[in-house]
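Letters A, B, ... mirror the listed sequences (proteins, then strands); counts begin at 1. Any value given below was found using the heavy atoms of this structure, including those in side chains, with hydrogens, waters and symmetry copies removed. All of these numbers come straight from a predicted model, not from anything done at the bench.
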Amino acid sequence: MLQERYGRAIEEKWQKWWAENNTYGFDEKDEVRPIYSLDTPPPFTSGDLHMGHVLSYSYFDFVARYKRMQGFNVYYPQGWDTQGFPTEVRVEKKFGRLPPVQFREKCVEWTREFIARMKAQMNEMGFSPDWRYEYRTMDPEYHRKVQLSLLKMYDDKLVYRSKYPVYWCPKCVSAIAKAELDDEDKDGMMHHINFTGPDGGNLVIATTRPELMSACVAVLFHPDDERYRALDNKTIRTALGKDVPAIADKEVDKEFGTGLLMVCTFGDKMDVVWMHRYKLPMIDSIDQHGRMRNSGEFDGLKVEEAKKKVVEKLKAGGKLVKSVPLRQTVKVHDRCKTPVELIPSLQWFADIRTTAKRIKAFAEKIKWVPDFGISYLIDWVEGAEWDWVISRQRVFGTPLPFYYCEKCGATAGAGPGELPFYPEKAAGKACPCGAKMLPETSTCDVWVDSSITPLIISGWPDDEKRMARLYPASLRPQGVEIVRTWAFYTIYRSGVALTGIPPFHTILLNGNVLAPDGKKMSKSTGNIISPSDLLQDYPADAIRQWAAMSGAMAKDRPFSYEDIKYAKSFLAKVWNAARLVEKSSEGHEARGTKPESLGTIDRWINSRMSQVVEEYTRDMEAFEFHKAIRAMQNFFWHDFCDNYLEYVKHRIYGADAKAKHDAQHCLRHVLHDSIRLLAPITPHMAEELDHEVFGASESIHRSAWPAKGPVDIDAISALEKFNRVVAELRQYKARNKMAQNAELAKVRLSLPEPLSPELESELKLISKIKEVEQIKGDFGVSVL
RNA sequence: GGGCGGGUAGCUCAGUUGGUUAGAGCACUGCUUUGACAUAGCAGAGGUCGUAGGUUCGAGCCCUAUUCCGCCCACCA
């Protein structure tokens, strides 16, 4: 017997039941059912689920549940992306600085707590991973596999150690990748400074970074710039008295500043390009902590201090022409917002430049949903100029499994017996040059960890049989904003570098959730909506429906209270309809009912149901959840509740046994199919109704997807007309302030094609009319 | 500067391969406590589908141009 209202208590009951009954268990031994596997994103263990998680995890939960009902042996593991800077910051704040080993232990401890919290929130949302396959990137076993993957790439010459200018965060004291950069607008100063030309005259260059002048190795101008054309290949003396060549280069902007610029090896990315282009000397002038070096009297000063001192000195020496304010964009580290420097340093790299073409080719073999999603990756691949810096100078991360020689620079991989490799426990290695090699103490970029998830979940590299069954994954669902990181690195590492097979068949992209005002949710704006707050007011099934209604397009979408309220009302609608069906089912005996023995109205609702099954299935196959749920809502609310339920009430409460039985049969059939279609999106309510109304003992989530029944086109078109007549009569009663169940003495119907005698008598019973007169003509309904 | 997405009702959006009168929800207005549901029902009002051309018997949908918004990339000395 159904309770009066649907709510959280019912959801919690089923969540518990599902866990106890291993409802979502993947069957390793099943050789019959086809496998459908999901390479789900391991969320970063921040401690709380946000709306973006709820949206995207709902999507893949829809897919997993749908595929289970479609007869697939669904493999839905869930992992955690645990390591990285944010956790280090929080742990350091709480426990202070500790030696690396203890510090790492604290990070692990902390992360375990956060995982527990997030896992509980996922369960509250009714997500259905098979938790037996949970993985964490911080586990030694995970480390071992990451390290093995790197050793393989090292052997294949895809991973190497080199000194190269990298983006460097002075605050984190670590190299960072291009993908970790953010742009920030800052107010700066453009300084115009006198250099000395070949003829002894002044030449004014403009720069925002005068502190780098000691590293100035050339002065550049545009070849078409008449002001400077005569300088080509001449020598110019900087304001600090150093002689450098003047070079013409067409990438110089004539209009910017004075049209004359100084190249200081590592001022910005273009400086590095020019350095290589003109084989200029390399001078590194900033150290790892952001202090000056190789700059004479300014050595040891922080960049900002040095800038002031240099400007003062130039001013005193009469070299400073003027300083004008300038709004400039500065590259900052996305995590800590510190302006980054380009500094040459010894780091580990993964080859991207020579593999880019293959990465692109692999990406093209994957099905992208929506299809334009691939353009994000292609744009990125085509713009890739530098290899990927994979080393980070951090503690809570996967150690790089390498040795290097400080003396000669040689490198070597850790031995297979040393994995998982931890530098503090490393056995050591002798270098061919005679010196002792040191274990690498840097850790991996976190994308190195997460770019092998399709391998991790498939038993790589130990279980070849499992690998053959589970790799590549059927689906990779992920956010559109991490195409150029997670998708890109995974296709590269798991696909191109390690297996030669694209890591997944299909990639499904989702957008982000914005605040209701269309802006980004952020702590500073205070417009954050949290899933746990929503759960106070809305059942999980309503929140999940909101996610479905938000569509699967890779498009950002504002959160909508209207949608979620509607979702909640729809749950109430289905619930109440089910209560009516339950109540009307009293005395119902399930016996074979032939479709052709049913009346037109019954054949109509069954046909409409069939159409919805077809449409809904098609939409689920295409990951178009918003279309599926919309079709269901419209059908169930309007066709089934507003019309069909009202049409059969007189039969349910009447004495005609066959009419009553047929109505009961159809009510149950439609409800039964509907809750099956809804099960992936509203799993809790579907489960409750299946058990309470239909007496199921197994989970609906292990039952079969509804088959499409027959569609009677004639019944559908007859009912279109019929519904219109009923609507007219409802309107008449409404206009005349009559109750909808009030009796009408006589009604005249004017129709191009008359209602059949069967429908005419149904109409009399449904609209409570004593006498109906039909005439041929344009559509018209008049009450006499 | 390059790429992608989008401009449809007051708001948020849907509109399948071009095909009668362009839809939904919310919000708004009126009526109705009717044997599941007032978290409801019945109805009403609200749109020159960004703009301008073109293809077509026919365009919200296809083509061209143009404008505005959003995201990404590059540049920012």
Q: Could you let me know what B:rC62 is paired to, Watson-Crick or G-U wobble, both distances under 3.5 Å, or none if it's on its own?
A: B:rG54
Q) Looking at B:rA24, B:rG25, B:rC37, which one has an atom nearest to any side-chain atom of A:Glu646? A) B:rC37
Q | Pairing nucleotide - B:rG10, Watson-Crick or G-U, each distance under 3.5 Å | A | B:rC26
Q) What is the base-pairing partner of B:rU16, counting Watson-Crick and G-U wobble geometry with both distances under 3.5 Å? A) none
Q | P atoms of B:rC75 and B:rC11, separation to the nearest Å | A | 39 Å
**Q.** Interatomic distance where CG belongs to A:Asn576 and C1' belongs to B:rC37 [whole Å]
**A.** 4 Å
Q) Does A:Lys649 get its side chain close enough to the base of B:rA36, under 3.5 Å, for a donor-acceptor pair? A) yes
Q.
Does A:Asp268 reach a base, just sugar-phosphate, or nothing at all? Heavy atoms under 4.0 Å.
A. sugar-phosphate
**Q.** Whole-Å distance separating the CG atom of A:Asp556 from the P atom of B:rU12
**A.** 15 Å
Q: Verify the contact: side-chain N or O of A:Lys627 to OP1 or OP2 of B:rG15, cut-off strictly under 4.0 Å; return yes or no.
A: yes
Q. Between B:rG6 and B:rU17, how far is it from one P atom to the other, in whole Å?
A. 14 Å
Q: Going by the salt bridge (Lys or Arg N to Asp or Glu O under 4.0 Å) test, name the single residue among A:Asp182, A:Asp183, A:Asp268 that passes it with A:Lys331.
A: A:Asp183
Q: Find the distance between CZ (A:Arg227) and CZ (A:Phe221) and round it off to the nearest 0.5 Å.
A: 11.5 Å
Q: May I ask you to evaluate whether A:Gln328 reaches the phosphate of B:rC75, defined as a side-chain N or O under 4.0 Å from OP1 or OP2?
A: no
Q | Proximity to the side chain of A:Met270 - top-ranked nucleotide from B:rA36, B:rC75, B:rU12 | A | B:rC75
Q | Inter-nucleotide P distance (B:rU55, B:rU16), Å rounded | A | 24 Å
Q: Tell me the partner of B:rG41, counting only Watson-Crick (N1-N3 plus N6-O4 or O6-N4) or G-U wobble (N1-O2 and O6-N3) with both under 3.5 Å; none if nothing fits.
A: B:rC31
Q: Measure from the side chain of A:Met190, starting at C-beta and using heavy atoms only, and say which of B:rU12, B:rA43, B:rA77 lies closest.
A: B:rA77
Q: Measure the distance from CH2 on A:Trp637 to P on B:rA38 and round it to the nearest whole Å.
A: 12 Å
Q. Should A:Lys649 and A:Glu646 be marked as a salt bridge (Lys or Arg N to Asp or Glu O under 4.0 Å) after you check the CA-CA gap, both sets of side-chain angles, and the distance that decides it?
A. CA-CA 5 Å; A:Lys649 274 180 182 168; A:Glu646 298 302 330; 3.2 Å; yes
(Q) The side chain of A:Lys573 is closest to which nucleotide in this list: B:rC4, B:rG41, B:rA77? (A) B:rG41
Q: Return yes if the base of B:rU39 and the side-chain atoms of A:Arg5 contain a donor-acceptor N/O pair under 3.5 Å, otherwise no.
A: yes
Q) In whole Å, what separates the P atom of B:rG60 from that of B:rU20? A) 10 Å
Q.
Suppose you measure atom C1' in B:rG15 against the same atom in B:rC71; what distance do you get, rounded to whole Å?
A. 24 Å
Q. If you check the A:Asp379 side chain, which of B:rG3, B:rA36, B:rC42 turns out closest?
A. B:rG3
**Q.** Interatomic distance where CG belongs to A:Asp249 and P belongs to B:rA77 [whole Å]
**A.** 15 Å
Q: Determine whether more than 12 heavy atoms belonging to other residues, nucleotides or ligands lie under 6.0 Å from atom NZ of A:Lys520.
A: no
(Q) Without decimals, in angstroms, what is the distance between A:Met189 CE and B:rA77 P? (A) 15 Å
Q. Is the CZ atom of A:Arg730 crowded by more than 12 outside heavy atoms at less than 6.0 Å?
A. yes
Q. Taking a pair as Watson-Crick or G-U wobble with both distances under 3.5 Å, which nucleotide is matched to B:rG70?
A. B:rC4
Q. How many Å lie between CD1 on A:Ile205 and P on B:rA77, as a whole number?
A. 12 Å
(Q) With rounding to the nearest 0.5 angstrom, report the CZ to CG distance, A:Arg8 to A:Asp537. (A) 10.0 Å
Q) Tell me: CD of A:Glu562 to C1' of B:rA14, nearest whole Å? A) 17 Å
Q.
Is A:Ser560 close enough to B:rC11 that one of its side-chain N or O atoms is under 4.0 Å from OP1 or OP2 there?
A. no
**Q.** Spacing of the C1' atoms in B:rA59 and B:rU64 (rounded, Å)
**A.** 15 Å
Q) In Watson-Crick or G-U wobble terms, both distances under 3.5 Å, what is the partner of B:rA36? A) none
Q.
For A:Tyr167 and A:Trp386, take the angle between the two ring planes, folded into 0 to 90°, and tell me which bin it lands in: parallel under 30, tilted 30 to 60, perpendicular over 60.
A. parallel
Q: May I ask you to evaluate whether A:Lys565 reaches the phosphate of B:rC26, defined as a side-chain N or O under 4.0 Å from OP1 or OP2?
A: no
Q) How far does the C1' atom of B:rA14 sit from the matching atom of B:rG7, given to the nearest Å? A) 15 Å
**Q.** Rounded distance in Å - CZ (A:Phe372) to P (B:rC72)
**A.** 14 Å
Q: Searching all strands shown, indicate the nucleotide that pairs with B:rA77 (Watson-Crick or G-U wobble; both distances under 3.5 Å).
A: none
Q) Rounding to the closest angstrom, what is the interatomic distance between B:rC42 and B:rG19 at atom C1'? A) 32 Å
Q. Which residue, A:Trp447, A:Trp380, A:Tyr489, forms the ring pair (Phe, Tyr, Trp, His ring centres under 6.0 Å) with A:Trp388?
A. A:Tyr489
